[in-house]
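Okay, structure first, notes after.
Position 1 is the first residue of the sequence, and the numbers go up from there.
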Amino acid sequence: MDLILKYFPDLTEEQKRQFAALYDLYLDWNSKINVISRKDIENLYEHHVLHSLGIAKVIRFRPGTQIMDLGTGGGFPGIPLAILFPEVQFHLVDSIGKKVRVASEIANSIGLKNITFRHARAEEEKGKFDFVVSRAVMPLTDLLKIIRKNISSKQQNALPNGLICLKGGELGNETMPVKNKTTLWDLKEFFEEEFFETKKVVYVGG
C-alpha cells in the first residue's frame, strides 16, 4: 500500500481505505478462484495495482468519461482506475464468468459505485465508450478490430478517444501497422521499481 502512496500521494481517505482493502480481498478470493498466479499474490500492489495505475500517469480522465476494460480478468486495470477516478464510469468485460464474479465481489466489498460488469466476449459488447483499456495479451491489431465499434465519436479528454493498453517487451512489430496513430510511454519513466523496466503504456487513437 505504501507503494501506491509513494506515486499517488494525494489520495482521499476513502481511496486509501479502498486500496488498502484490496490485498486481503484478493488473497481470500484467489484461494477459491485463481485470478492471480499464486506466487504473484504478494506482489499485488506492484505488479497489478500500480501497473494498472500507470495509465493514470499518461492521462487524467475527465469526470463523466466512459471506459471499457476489456479482458479484465480479476479486475485489472479497471478496479484500481475506478478507485482513482470516482467520477469516471468503468465497464469491465471478460469472457470467463468466474473472473468477472471475483472482480464484481471485490468492487462491491470496497463500495465502488462507478463500475459495472459483464460476462461476455468482446465481440458481443455493443456499448460506446471514450476509451477501451486493456491489460490483455491480444495483439494490438486484433484488439483494434474488435473494439473499433465501441469507440464513441464524442470527445471530452485531452487525448482523442481510442485504445489504451498496458504491454511489455519489444513492441516495434506490433505497433508497425498503426504507428502513425500510436504513442508509447515507458513506465520506468514514472515508476522506479525493476518490474517496470520493460513495461509500457500504448495509446492508439481511434
Side-chain angles (χ1 to χ4, degrees), residues 4 14-15 17-56 61 65-140 142-152 162-168 201-202:
I4 306 306
E14 173 71 349
Q15 287 170 319
R17 181 191 69 74
Q18 289 173 322
F19 277 123
L22 292 179
Y23 186 78
D24 286 344
L25 287 166
Y26 274 105
L27 195 61
D28 181 44
W29 274 104
N30 213 52
S31 65
K32 297 177 256 193
I33 296 170
N34 197 13
V35 291
I36 292 168
S37 88
R38 295 272 196 272
K39 60 181 187 296
D40 205 29
I41 193 80
E42 66 262 27
N43 299 313
L44 178 79
Y45 284 105
E46 184 178 324
H47 294 185
H48 302 278
V49 180
L50 190 59
H51 189 209
S52 297
L53 295 176
I55 288 173
F61 297 115
T65 299
Q66 302 275 341
I67 294 175
M68 173 165 69
D69 174 5
L70 192 57
T72 189
F76 302 103
I79 287 177
L81 289 172
I83 296 174
L84 195 66
F85 296 107
E87 313 277 300
V88 172
Q89 287 301 313
F90 290 86
H91 183 54
L92 278 55
V93 178
D94 201 280
S95 61
I96 299 172
K98 62 187 180 184
K99 292 189 174 182
V100 174
R101 181 177 163 229
V102 171
S104 170
E105 294 281 356
I106 287 172
N108 285 339
S109 296
I110 61 172
L112 279 180
K113 303 280 187 280
N114 57 331
I115 198 163
T116 56
F117 294 87
R118 185 172 179 203
H119 170 212
R121 292 175 64 240
E123 292 82 354
E124 295 163 353
E125 178 55 61
K126 301 290 189 269
K128 294 282 187 190
F129 305 89
D130 300 294
F131 293 96
V132 173
V133 298
S134 186
R135 216 170 65 139
V137 292
M138 190 186 293
L140 270 182
D142 295 351
L143 203 46
L144 285 164
K145 275 188 205 123
I146 294 169
I147 59 114
R148 200 162 280 133
K149 67 185 184 319
N150 301 110
I151 301 294
S152 166
L163 173 68
I164 305 174
C165 284
L166 291 159
K167 288 202 164 258
V201 178
V202 183

Audit row: Leu166, Ile55, side chain to side chain contact (heavy atoms under 4.5 Å, CB included) steps and yes/no: CA-CA 8 Å; Leu166 291 159; Ile55 288 173; 4.1 Å; yes

Pairwise distance CG(Leu143) to OG(Ser134) - rounded to 0.5 angstrom: 5.0 Å

Solution key, residues 98-111 side-chain donor-acceptor pairs under 3.5 Å, sequence neighbours excluded:
| from | atom 1 | to | atom 2 | distance (Å) |
| --- | --- | --- | --- | --- |
| Asn108 | ND2 | Ser104 | O | 3.4 |
| Ser109 | OG | Glu105 | O | 2.8 |

Qualifying residue for side chain to side chain contact (heavy atoms under 4.5 Å, CB included) with Cys165, from Leu144, Val201, Leu140: Leu140

Beyond-backbone contact of Val88 with Phe61, side-chain heavy atoms, under 4.5 angstrom: yes

Nearest-0.5 Å distance, OG1 of residue Thr116 to CE of residue Met68: 10.5 Å

Between CH2 on residue Trp29 and CG on residue Asn34, distance to nearest 0.5 Å: 13.5 Å

Interatomic spacing from CG in Leu22 to CG in Leu27 - rounded to 0.5 Å: 12.0 Å

Only distances under 3.5 Å count here; give the side-chain donor-acceptor pairs of residues 70-86 to other protein atoms, sequence neighbours excluded, each with its distance to 0.1 Å.
| from | atom 1 | to | atom 2 | distance (Å) |
| --- | --- | --- | --- | --- |
| Thr72 | OG1 | Asp69 | OD2 | 2.6 |
| Thr72 | OG1 | Phe76 | N | 3.4 |

Residues Ile151, Val132; criterion side chain to side chain contact (heavy atoms under 4.5 Å, CB included); working and verdict: CA-CA 7 Å; Ile151 301 294; Val132 173; 3.9 Å; yes

Backbone of Ile36 reached by a side-chain donor or acceptor of Asn30 within 3.5 Å: yes

Rounded distance (nearest 0.5 Å) linking atom NE2 of His91 with atom CD of Gln89: 11.0 Å

Whether Asp94 side chain and His119 backbone form a donor-acceptor pair below 3.5 Å: no

Residue pair Ile147 / Leu163, side-chain heavy-atom distance below 4.5 Å: yes

Greater than 12 external heavy atoms within 6.0 Å of Lys32's NZ: yes

Side-chain (Lys128) to main-chain (Gln66) donor-acceptor, under 3.5 angstrom: no

Contact check, side chains of Val93 and Phe117, non-hydrogen atoms, under 4.5 Å: no

Donor-acceptor contacts under 3.5 Å from residues 46-53 side chains, at least two apart:
| from | atom 1 | to | atom 2 | distance (Å) |
| --- | --- | --- | --- | --- |
| His47 | ND1 | Asp40 | OD1 | 2.8 |
| His48 | ND1 | Arg135 | NH2 | 2.9 |
| His48 | NE2 | Asp40 | OD2 | 2.8 |
| His51 | ND1 | Arg135 | NH1 | 3.3 |
| Ser52 | OG | His48 | O | 2.6 |

Check: Val35 main-chain N/O paired with Tyr26 side-chain donor or acceptor under 3.5 Å: no

Atom of Ser95, atom of Arg121 and distance for their closest heavy-atom approach: CB-CG, 4.0 Å

Atom NZ of Lys126: over 12 foreign heavy atoms under 6.0 Å: yes

From CD1 (Ile4) to CZ (Phe19), nearest 0.5 Å: 6.0 Å

